[in-house]
J.: 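Please find one structure pasted underneath; my questions will follow.
In the text below, chain A, chain B and the rest are named by the order of the sequence lines, each starting its count at 1.
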Amino acid sequence: MQHIKTISKNIGLAPIALFLATDQCFASEAAKLDSGDTAWMMTSTLLVLMMTIPGVALFYSGMVRKKNVLATAMQSFAVACVMSVLWMIVGYSLAFTDGGAINFFVGSLDKVFLHGVGVNSLSGTIPETVFMTFQMTFAIITPALITGALADRIKFSSLLLFLSLWMLLVYAPITHWVWGGGFLGDAGVLDFAGGTVVHINSGIAALVGAMVLGRRHGYGSENMAPHNLVLSLIGASLLWVGWFGFNAGSAVAANGSAGMAMAVTQIAAAAAAVSWMIIEWIFRGKPSVLGIISGAVSGLVAITPASGFVGPSGALMIGLSAGITCYWGAVVLKHKLGYDDTLDVFGVHGIGGITGAVLTGVFAVEAIGGTPGLLEGNVEQVLVQIEGIVATIIYCAIATFLILKIIGCTMGLRVDKETEIGGLDSNLHGETIQ
Amino acid sequence: MQHIKTISKNIGLAPIALFLATDQCFASEAAKLDSGDTAWMMTSTLLVLMMTIPGVALFYSGMVRKKNVLATAMQSFAVACVMSVLWMIVGYSLAFTDGGAINFFVGSLDKVFLHGVGVNSLSGTIPETVFMTFQMTFAIITPALITGALADRIKFSSLLLFLSLWMLLVYAPITHWVWGGGFLGDAGVLDFAGGTVVHINSGIAALVGAMVLGRRHGYGSENMAPHNLVLSLIGASLLWVGWFGFNAGSAVAANGSAGMAMAVTQIAAAAAAVSWMIIEWIFRGKPSVLGIISGAVSGLVAITPASGFVGPSGALMIGLSAGITCYWGAVVLKHKLGYDDTLDVFGVHGIGGITGAVLTGVFAVEAIGGTPGLLEGNVEQVLVQIEGIVATIIYCAIATFLILKIIGCTMGLRVDKETEIGGLDSNLHGETIQ
Amino acid sequence: MQHIKTISKNIGLAPIALFLATDQCFASEAAKLDSGDTAWMMTSTLLVLMMTIPGVALFYSGMVRKKNVLATAMQSFAVACVMSVLWMIVGYSLAFTDGGAINFFVGSLDKVFLHGVGVNSLSGTIPETVFMTFQMTFAIITPALITGALADRIKFSSLLLFLSLWMLLVYAPITHWVWGGGFLGDAGVLDFAGGTVVHINSGIAALVGAMVLGRRHGYGSENMAPHNLVLSLIGASLLWVGWFGFNAGSAVAANGSAGMAMAVTQIAAAAAAVSWMIIEWIFRGKPSVLGIISGAVSGLVAITPASGFVGPSGALMIGLSAGITCYWGAVVLKHKLGYDDTLDVFGVHGIGGITGAVLTGVFAVEAIGGTPGLLEGNVEQVLVQIEGIVATIIYCAIATFLILKIIGCTMGLRVDKETEIGGLDSNLHGETIQ
Amino acid sequence: MRTVMAIIQPFKLEEVREALTSLGVEGMTVSEVKGYGRQKGQAEIYRGAEYEINFLPKLKIEVAVNDDVLDSVIEAVSKSAKTGKIGDGKIFVQPLEKAIRIRTNETDSEAL
Amino acid sequence: MRTVMAIIQPFKLEEVREALTSLGVEGMTVSEVKGYGRQKGQAEIYRGAEYEINFLPKLKIEVAVNDDVLDSVIEAVSKSAKTGKIGDGKIFVQPLEKAIRIRTNETDSEAL
Amino acid sequence: MRTVMAIIQPFKLEEVREALTSLGVEGMTVSEVKGYGRQKGQAEIYRGAEYEINFLPKLKIEVAVNDDVLDSVIEAVSKSAKTGKIGDGKIFVQPLEKAIRIRTNETDSEAL
Ligand SMILES: Nc1ncnc2c1ncn2[C@@H]1O[C@H](COP(=O)(O)OP(=O)(O)O)[C@@H](O)[C@H]1O
Ligand SMILES: Nc1ncnc2c1ncn2[C@@H]1O[C@H](COP(=O)(O)OP(=O)(O)O)[C@@H](O)[C@H]1O
Ligand SMILES: Nc1ncnc2c1ncn2[C@@H]1O[C@H](COP(=O)(O)OP(=O)(O)O)[C@@H](O)[C@H]1O
């Protein structure tokens, strides 16, 4: 997604916001469709969709108890459907058009209902339809990730309303900040594929959500161990496989940058899985499936912002670190602070996203992504990265809190106790698994 | 698959039937391999295979009772294997060669055993081997879809024989009619990716099959609710993801047309899922997993013929409509008419296919696919679409009925009552799930 | 992977080992990135990763008893992580650099930690990062396959150590022999995608492992039937779908050779599944899910070395043969010889790999892959193929045996009896499925 | 009072339940069990090896009844569960000393 | 000695277990069962057709006890399992003639 | 007649079944249960939190027998199920008043 940068570098164009707004008016030299890039970006798009359905749906539903399996899977699936419609209607326009006077913050309504996105509109070397759909899949997975923190107790109707508002009021603006022409992109924040936009964002929303919602009944005393980690392992595997679309797809081309993004993604994921496994082996006495898959996802999260900027060795370090910080987030920090983040969305995506955003500033290699990092003497980049983190945390936390409180006061957020104990599957959806 | 049209438009060639028959004889200017198109079409091919195994296999086997899970999954898998072999031997030749005097109806035997399909044969800008395999995956999924109507009671041997004959005698000719140079393509029927060829066709065959076979024991009194909808949700998700290969792959290139097909596919699927969910929420009181995934598939079915011809707003309307008509087909119509279409193949693929075929004629946009629809003043297109629907229904219904009756009279169609009650898994395959 | 050959043919370059070693020093005419080839190779890379996670993980974990499900899935997942790290650190360098004086046997340490693999390094027409990651996925799946023979009784720690050593000491050298500039490639052994390197290699290691480890408690008396073949069917399907990346990806381009590899892969897999199903129907009385999926994998294994060299009819013959030989391997031979190869890794991958390697020499078509086979009068090719088989078997068997014995004498290989009877899931990983 | 415990073929449950409710029996408890007896399962063949299936799936029904309806309950179960083939199952009658309805603390015949 | 068999709501297990252990009962055996009774399940609607759910998930607890604690055990179960809503379940008491601890061959009250 | 109900370790089933058949006992019914007793499960650790596992998987075997073989049945079960470790389980003997074979209506000892 760092194509603002890459495109700028290659063809000297103004930020993509402007670019997109004008690409239908004149056929610039640069704007020629490349079938290889298009093939890769269509593939990347469907990979990122696969990350949510069935990826996140399985990753999460395998971790809950048997009475909430279908409800949990349904949340991801329904979120995918609702966000697609909203993105087509207004989300894409808010994130990826020029907002004029308020462009530092959000785009305009110029492309509501995809107005003007035609069969020949290009976005760089690929059809704009593909770019729009690729971005749609990001607007799907980010809210879908949040559901993990609210699992086992949120009302389905409230969840859909919450995440719809959240996508439009939190996700779309922050995307605009970083990739759509807004102030964080201008400030030079490096976020190749969404460490800030997707992971810190969803992680913070998850933390706020878990705290506003309160703990599950029986939390701390009842055994709430995952009912079937085979499902979660399938989910984690599809997340991993799909993440190549996420990261290498964010090059918006099938080129050397995409190739390096793919390699570092693989290395970081594997390294984080190994480091989590080892720590768990030491402290818990046994390596677990839950542990190794959580580790892999941690590595994938942490390499996300870095994937176009670092090399293999940086990726190895980022991965090893993320396995440790996220283990600490999910296993130590959570118990210390006492909130009930059901499936550790904050522990993995929040902590992992922050780890990755900071380390991108440390390990960035000029020869790879055009920007040097701390290790190459560019101290400032780390500060810019922290600026991006802090801005996102503040805005996301406040906005999420307000949306949840408003819904909580009107239609309510939690199911009643009997529904929670009896299980969401039969009570909310009238279905159970056998 | 509307590549006849697209290719014609781009390079002014005669229909592909002729094109394919001659492409090895002279190297035309146009016939140059494009690596990007080839990359996308190989990807599309494996995606459509993935739609059947494990897609349809899971979608269906999650919906049956625990005693028939393996048998149901096995049906899709075995169909995939048998159809591949038959397609290679004779199916491809029947569908995609020039049939001479009977070309309006079916092709010839010129390419049996893929005779003449060499490593350098091209089909447009891609290797003919890829085009042949891409088409093979369509010849796999269409019969596999039919199995859903016959589930829980058909003999495995009879099923394989029935679908083998059906693929050669019904699917191959109808494919030829629309894409191979036959009379429906000539008549101007719009079917980008197989609304008629795949979905109406399989839906009608399913309806006939369900009626010939009769209802399951206990139908209407016993609770036959799905045993594990997580499997079906994985299946539906993989169908969705794979459908980009189906629809955007039918552009037979990685271009703007493919990109638009991808975008409208995503929009229609999501819209149909949302509309089914809302209706069910209203009428049943609870939104279900079975409902939302059925809705998504309905939207995918309905956008199939339209995917190269309509824009985002048309896709939104087609999706919303399909969610409603297919809900009606699966939930209302079936009970009114009293047939036992086990997994609602007719309700979703038949009704959805008809909805999509008609609405393609309504929402087609000239600027996108070259043909205007009703909304752009081309009243006639709707009539042409209906011609395609009616021809398919009549031929498919009669031929399917005859094949089934002949098998029924000779080797029998249904398992005996004890096998049906005891379950197909242990009785037909000697295996059970724990 | 026969890109040595293909590239040589196209651009007249020396073997890729040399090519890779120098491609950063001068920009040769030929060394231009092709976006379509790159798109396809990135797709292929993630497909081959998907073959292991979740492919092999599910294929295997569905076949074991309920008490060992998670442990089995975890083995594949952990192997994927550990091998990735090792490949990045040293494996790639050992396999794909010029080893100087010992180049016939193994490469050098020139590229440890991927030293020198930059964002602009090319390997043919694709980034070297992509080639390296593609090869990494082969170095993942090969050890992962071996786990199937050791399932239900090996210690997790010993397994990881064994496979780490095995990958570095057995897999990397043999890969170098065939594709990295070593003696088997020089001798003219045809192995397009890894019939020898991956399948014979893992099959022999599996056989040795099963014999060194000894039989499971209760083997032969207790019913050890698969607990849930739906998982295995998903796994087999994803293996099949991913195998297009494996075979057509081994063309290292999106071209006619890749297209033909795709077609023959599909045909052979389907044919082998059908032939296994028929034999089982005859001898066991019922066709089983376990049978048909084993058959499909057999066909995929056997076509692997042949996929760039044979045509559709050759593929049909190879598939039909592999279904028979592997059935015999898994069902007859194993019982005769009495070893306990838990999930028939030798029966399917060993026997299937040998079948394929020999038949490649029989059915190779000069017009397709540049080398004629026995049927075209080239008797010698079969002998060359057998040379490759024998060399691999001897080296792999001895080295595997030694590694296992050393581990067995130091840290031990098997869990204790109580752990084995109680199940690996709870005892080794502290988790169970419900 | 007596406890009637019946081991039946799984697919007979609905018939047995209907036979019992038509007698006015308003409660029963059912569990899934595995039965070993004269009826032998089909041998399972897996990868060429054959395994005897000794334990077959059955349902166990437990009904607490008053002594006056005991005989008619036995007869009802017996008739409705019968197929005449080996493996139909058994009915066992055991003494029951006390029954309590948890919700109301009613005891004995009022609790049934 | 007596066998106390209680059919309870699944989510009451922990409370019942605690009530029993606080009485000094150190062992019990629990099984998952389906109960038919006055409590009716929500009708399940599937593809527009409605099915009555007759059998609801319950747990069966079996505890072998000495006669001297029988009454307090009954009371403990009864109190801890009660919600006051239909479907709370039943307690059945049956005679127990002999109990043996397999490990030690201890019998009767020493075996409990 | 008596009903012998034994709670055993799951992996002992085959041994117990063989011991019983060698006595001529031709039928039995087995269910999966969870046992609470002196034997404690390993604590499960999940995401850093530790949970005690109170209920462990056991099998319950029910065999209806004639009084003359009662003692040998008890002994057979007791011997074959023993490992000598905590958690081996219990044997409970209850009176059985009547037994009926559904298929034939044979009663009592003929029904066993
Ligand atoms: N002595 C017994 N004690 C307990 N259960 C028994 C006994 N004998 C048979 N059963 C149960 O009854 C079922 C049916 O018995 P079986 O001998 O197979 O057929 P039938 O009842 O027709 O003689 C068995 O599967 C088992 O569950
Ligand atoms: N006569 C009976 N014999 C055996 N079990 C019974 C009997 N009556 C009820 N039960 C069990 O008790 C449970 C609760 O009974 P129900 O009538 O629903 O509510 P309540 O106990 O509040 O009257 C039932 O689900 C069933 O498992
Ligand atoms: N009083 C009891 N009533 C019913 N079942 C019991 C009782 N005590 C023990 N059990 C069953 O016996 C099993 C073994 O008991 P436990 O105390 O763990 O070991 P041991 O039998 O060696 O003393 C328990 O898991 C439980 O199922």
J.: Checking heavy atoms, do the side chain of E:S31, its backbone, both or neither come under 4.5 Å from chain D?
T.: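 Neither part; nothing is under 4.5 Å.
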J.: So for D:T104, is it side chain, backbone, both, or neither that comes closer than 4.5 Å to the heavy atoms of chain E?
T.: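 Neither part, no heavy atoms under 4.5 Å.
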J.: Under 4.5 Å from any heavy atom of chain E, what part of D:L13 do you find: side chain, backbone, both or neither?
T.: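 Side chain only.
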J.: Identify which of E:P95, E:G37, E:G87 forms the greatest number of heavy-atom pairs closer than 4.5 Å to chain D.
T.: E:P95
J.: Tell me, side chain or backbone of E:F55 under 4.5 Å from chain D's heavy atoms, or both, or neither?
T.: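 For E:F55, the side chain is the part near chain D, not the backbone.
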J.: Would you say D:Q9 and D:T83 are linked by a side-chain donor-acceptor pair, where the criterion is simply a distance under 3.5 Å?
T.: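 There is no such pair (donor and acceptor under 3.5 Å, judged by atom type) between the side chains of D:T83 and D:Q9.
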J.: Please determine, among D:K60, D:R17, D:E106, the option with the most heavy-atom pairs under 4.5 Å with chain E.
T.: D:R17
J.: Would you name the heavy atoms of E:S78 and D:I102 that are closest together and state the gap between them?
T.: O-CG2, 3.6 Å
J.: Verify, without hydrogens or angle tests, whether E:D108 (side chain) and E:A99 (backbone) share a donor-acceptor contact under 3.5 angstrom.
T.: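 Answer holds: yes.
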J.: Do D:E26 and E:R38 meet the salt-bridge criterion of a basic N to acidic O distance under 4.0 Å?
T.: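 Yes, this pair counts.
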J.: Might you point out which heavy atoms bring D:N66 and D:L112 nearest each other, and give the distance in Å?
T.: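 The answer is N-CD1, 3.8 Å.
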J.: With a 4.5 angstrom heavy-atom cut-off, which part of E:K58 approaches chain D: side chain, backbone, both or neither?
T.: neither
J.: So which atom in D:L96 and which in D:A64 form the shortest heavy-atom distance, rounded to 0.1 Å?
T.: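 Closest approach of D:L96 to D:A64, heavy atoms only: CD2-CB, 3.6 Å.
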J.: Quick check on E:Q39 against chain D: is it the side chain, the backbone, both or neither that has a heavy atom closer than 4.5 Å?
T.: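 Neither the backbone nor the side chain of E:Q39 comes within 4.5 Å of chain D.
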J.: With heavy-atom distances below 4.5 Å as the criterion, would you say the side chains of E:K34 and E:L56 are in contact?
T.: no
J.: Relative to chain E, which segment of D:E62 carries a heavy atom at a distance below 4.5 Å: side chain, backbone, both, or neither?
T.: side chain
